[in-house]
Amino acid sequence: MNPVQAYTLLHQGTLALERAERAGIRVDVDYLERTQKELTEEMESLDSAFKDSKFYSDWAKSQDKEPNPNSSVQLSNFLYKVLKRKPPKLTETGRGSTDKESLQALNIPELQMILDGKKLKKIRDYIEGFQREQVDGWLHPSFNLHLVRTFRSSSDKPNFQNIPKRDKQAMRITRSALFPRPGHQLLEVDYGALEVRIAACYHKEPTMLKYIETGYDMHSDMCKQLFKLNGFNKNSPEHSYLRGATKNGFVFPQFYGDYFRNCAENMACTWGELPSTGKWRSGQGVQVEDGKSLSDHFLSVGIKDLVEFTNHVEEVEKDFWGNRFKVYARWKEKWWHQYQKTGHIDLLTGFRCQGIMGKNDAINYPVQGAAFHCLLWSFIEVDKMLQLPGWRSRIIGQIHDAIVLDVHPVELPMLVKHIKRITTEDLPRAWDWINVPLDVDFEVCPVDASWAEKEKLKT
DNA sequence: TGTTCATGG
DNA sequence: TATCCATGAACA
């Protein structure tokens, strides 16, 4: 695609996004008020319990000022200099980290209280953000197309793109504030594995194309290899846990440019075995194969500690880029070389990224940008359709690879049909560089229900 | 203003 | 060479 098409996309995109901003989303201000108070009370009682602890009084004795659990500097000094605990993890500048993972690894009950308090505060910050930005019970988040290096979008006031979802409690409390128009229902349309598919449009790796075309599960293949499992039962919660650990601890980090040592260490952390403790202890981790624990399974296949696991991950990484995805690997080298020669990279959507980039940047920007542009094109087309006379549904927002709509129930079946066509058929017809099948799934809330009530819609 | 930590993709 | 892109809050 050419720069004129790129410009046109942003121009039309701006107009379509503005209509979503103007439409807005309903927010229950009484609920915000109530919830803000409840969270504050809960935080206060947690805080006073914390201040009764020996941990707190020891901390207070160790310094001049009153201890502030929100200060990473104070907490880090107390834990790693006064108490002389070994930092489970360091920050980028080499100081002892006080993030959630580190504090949990230290296994001190009072630290869990600090974490619980921070979590409540984080949730309250979302509630207060909604209160600050709402006007007469409506939120109008901004969607920007001019701020992100990769030509993705961003959102602010309030940010519509980072409202809690993974943590059930945070999800429920924050999303329970957000509603469709009276008599309507919220609908979310999500592209499945969009970045992986768009990456394949650049590198055209045959193995990857096969995974995408057949719908065969790349992550469970990698999971079997990484954990040396013979079988893989998709329905067992244990395997689904390990598959998730593989996807988020190895496959995606590898795609984004991570390397085996980091991957191995991070994965070891996720099942509670920290690098400093050396050997696995028997009976740790989820149950795999014949009711054995993960750590016993590792011992039985000859991986007895983190060093040996790291060596194993190094082998898996070699196979990953040297055999399984070697065309992809060659594309990365070629692409990086091309950037070094010209100082810029051109996206399949007609955009050009310029400026100083590292290797990982040069390889990731084109994928991230073009993937979002697929969403933006779909957004524009769905918006165009809803502008036609008669429609009562409208788009209210967008989250990188997803569109959020406020739908009149009567229109739902027809709307789903049209959106499915636009996103998976019209788009690849309009952009001939898309050489992979696209897939979307739909989630819908009951009529008059909040965004916390989302459920899968079978189509 | 830079750093750290949380949230999302 | 070594995990990509954001927003927002709080601290020092």
Near DNA chain C, which residues from [range] have a heavy atom under 4.0 Å away?
range	answer
residues 109-124 of chain A	Lys121(A)
residues 356-364 of chain A	Asn360(A), Asp361(A), Asn364(A)
residues 156-169 of chain A	Asp156(A), Lys157(A), Asn159(A), Asn162(A)

Residues [X], [Y]: salt bridge by 4.0 Å N-O rule:
X	Y	result
Arg152(A)	Glu195(A)	yes
Asp346(A)	Arg352(A)	yes
Asp361(A)	Arg149(A)	no

Legend entry - Covered region of DNA chain C, 5' end to 3' end, by chain A [heavy atoms, under 4.0 Å]: dA2(C) to dA12(C)

Inset, instruction - Identify, with sequence neighbours excluded, every residue that meets side chain to side chain contact (heavy atoms under 4.5 Å, CB included) alongside His11(A). - result: Tyr7(A), Leu15(A)

Inset, instruction - Check whether any side-chain heavy atom of Trp377(A) sits under 4.5 Å from a side-chain heavy atom of Asp426(A), and report yes or no. - result: yes

Legend entry - Distance (rounded to the nearest 0.5 Å) between Ser97(A) OG and Leu103(A) CG: 7.5 Å

Regarding [X] and [Y], is there a side-chain donor-to-acceptor distance under 3.5 Å anywhere?
X	Y	value
Trp59(A)	Gln63(A)	yes
Gln36(A)	Gln131(A)	no
Tyr191(A)	Ser378(A)	yes

Inset, instruction - List for me each residue that meets salt bridge (charged side-chain N to carboxylate O under 4.0 Å, His left out) alongside Lys89(A), sequence neighbours excluded, and say none if there are none. - result: Asp99(A), Glu101(A)

Kindly write out the residues that satisfy ring-ring contact (aromatic ring centres under 6.0 Å, His included) with [X], not counting sequence neighbours, or none if the list is empty.
X	answer
Phe255(A)	Phe320(A), Tyr328(A)
Phe151(A)	Phe351(A)
His418(A)	none
Trp138(A)	none

Need one value for [X]: base, sugar-phosphate or nothing, where a base atom within 4.0 Å counts as base even if backbone is also close, heavy atoms only.
X	value
Phe255(A)	nothing
Ser153(A)	nothing
Gln74(A)	sugar-phosphate

Legend entry - chain A contact limits on DNA chain B, taken 5' to 3' with a cut-off of 4.0 angstrom to heavy atoms: dT3(B) to dG9(B)

Legend entry - ring-ring contact (aromatic ring centres under 6.0 Å, His included) contacts in which one or both residues fall within residues 79-100 of chain A, not counting sequence neighbours: none

